[in-house]
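To start, the structure itself, in structure tokens.
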Amino acid sequence: MRFALAALVTIALADVAHARTIVLTEADCELMACIQADAPRMSWAGTANTTAEYGVNAIDLYPGKSAFLIKYPLEKIPPGQKITRAEWLIPYQIVSPPGGARLQIRRILKTWGPGVSHLNRMTRPQKVPWSVPGARGVGQDRAAEATAVVSIKNSGEQSVNVTQDVELWYAGAAQNNGWMITLEDQDSWIRIGSPMWSNPKGYKLRITFEPE
């Protein structure tokens, strides 16, 4: 009986030892952008300082007007793994109205890159517009269903389960073009942290995997 129990404990410990967790931050990212309808050709329109002047100290999201785009590389996950958990930590600072508002996280479906803006998903090597400005083309620019809808009521850090998306990307079942964060509730506003200023390495993607 003791031998059987010891063997079970050994197997369990071996399974735990095989599991591994990595943490990616925006410092690992290939692409990031903050696009804004009021600055339709800017790649980073974080927060409005004055008319036609935007800063990098925060990211202000308004319904139907702005979005934060980010893409994490997954090459640090070795081949032949099973994704058991993927958690994305998003820093946020202020929300209005006081009762809260909801962030939506969706997969981006189209390739985007240099020169990305509200109007274009890239301008180099050639200009390519979004299907709908602001990457709002449902089923074209962004996924029809949200990966997560997160209710924000207080400042802090929000954990989002993105396991299914990371599984799809890692398996090659969908192209990894990253996520976009938007605010859809009317008459609301959310300020999320800026990776360039107030929240360096604050956008943490924690991935746990084990051999298949």
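Taking 4.5 Å as the limit, every side-chain heavy atom of E210 sits out of range of all side-chain heavy atoms of R20. Between Y170 and Q81, the closest side-chain pair of non-hydrogen atoms falls below 4.5 Å. At least one side-chain heavy atom of M196 sits less than 4.5 Å from a side-chain heavy atom of W44. The shortest side-chain heavy-atom distance between P78 and F209 falls under the 4.5 Å cut-off. Using a 4.5 Å heavy-atom cutoff, the side chains of I207 and T163 are not in contact. Proximity of S117 to M42: side-chain heavy atoms (C-beta onward) are nowhere separated by under 4.5 Å. At least one side-chain heavy atom of R206 sits less than 4.5 Å from a side-chain heavy atom of L89. Looking at heavy atoms from C-beta onward, I190 lies out of side-chain contact with R102 at the 4.5 angstrom threshold.
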Determine, stepwise, if the pair Q158 / I152 fulfils side-chain contact (heavy atoms from CB on, under 4.5 Å).
CA-CA 8 Å; Q158 181 67 48; I152 306 296; 4.0 Å; yes
Show the numbers, then the answer: is there a salt bridge (charged side-chain N to carboxylate O under 4.0 Å, His left out) between E212 and K82?
CA-CA 5 Å; E212 289 189 299; K82 176 185 178 182; over 6 Å; no
Does I94 form a side-chain contact (heavy atoms from CB on, under 4.5 Å) with D60? I'd like the steps, not just the answer.
CA-CA 9 Å; I94 306 172; D60 291 339; over 6 Å; no
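Side-chain contact annotation: Q164 with T147, donor-acceptor N/O pair under 3.5 Å absent. Counted by atom type alone, R124 and Q126 present zero donor-acceptor pairs between their side chains at under 3.5 Å. No side-chain donor-acceptor contact under 3.5 Å links Y72 and W179. Under the 3.5 Å distance criterion, with hydrogens and angles disregarded, a donor-acceptor pair is assigned to the side chains of R191 and T47.
Here I108 sits in one hydrophobic cluster together with L31, I35, L69, W112, V116, W130, M180; the rule is ILVMFWY side chains under 4.5 Å apart, joined directly or through other members.
Using a distance-only test at 3.5 Å, with no hydrogens or angles considered, a donor-acceptor pair links the side chain of E26 to the main chain of Y203. Distance alone, capped at 3.5 Å, is enough to place a donor-acceptor pair between the R121 side chain and the T111 backbone. Checked by atom type and distance alone, the side chain of S194 never pairs as donor or acceptor with a backbone atom of I59 at under 3.5 Å. Panel note: side chain D141, backbone V132; a donor-acceptor pair is recorded below 3.5 Å.
Both V150 and F68 belong to a single network of hydrophobic side chains, linked directly or stepwise wherever heavy atoms of I, L, V, M, F, W or Y lie under 4.5 Å apart. Under a hydrophobic-cluster definition in which Ile, Leu, Val, Met, Phe, Trp and Tyr are linked whenever side-chain heavy atoms come within less than 4.5 Å, directly or via other members, L168 and I83 are assigned to different clusters. Cluster annotation: I90 and W189 are assigned to distinct hydrophobic clusters (Ile/Leu/Val/Met/Phe/Trp/Tyr, side-chain heavy-atom contacts under 4.5 Å, transitive). Under the 4.5 Å side-chain heavy-atom criterion for ILVMFWY residues, a single connected hydrophobic cluster contains both V56 and L61. Linking ILVMFWY residues whenever their side-chain heavy atoms come closer than 4.5 Å, directly or via other members, leaves V149 and V160 in distinct clusters.
Within a 6.0 Å radius of CZ in R85, other residues, nucleotides and ligands contribute more than 12 heavy atoms. Counting non-hydrogen atoms of other residues, nucleotides and ligands closer than 6.0 Å to CG of D187 gives a total of 12 or fewer.
In this structure, K110 and S131 approach most closely via the heavy-atom pair NZ-OG, 3.3 Å. Contact record, A45 with A39: CB-CB, 4.0 Å, taken as the closest heavy-atom pair. Considering every non-hydrogen atom in both T182 and S66, the closest pair reads CG2-O, 4.0 Å. Nearest heavy atom pair, residue W169 against residue G178, reads CZ2-O, 3.6 Å. The nearest pair of heavy atoms linking C29 to K71 is CB-O, 3.3 Å. For the residue pair G193 and P195, the shortest heavy atom distance occurs at O-CD, 3.7 Å.
Using a 4.0 Å cut-off between a side-chain N of Lys or Arg and a carboxylate O of Asp or Glu, E184 and K65 do not qualify as a salt bridge. At a threshold of 4.0 Å, the pair E157-K204 counts as salt-bridged, since one of the basic side-chain nitrogens sits closer than that to a carboxylate oxygen.
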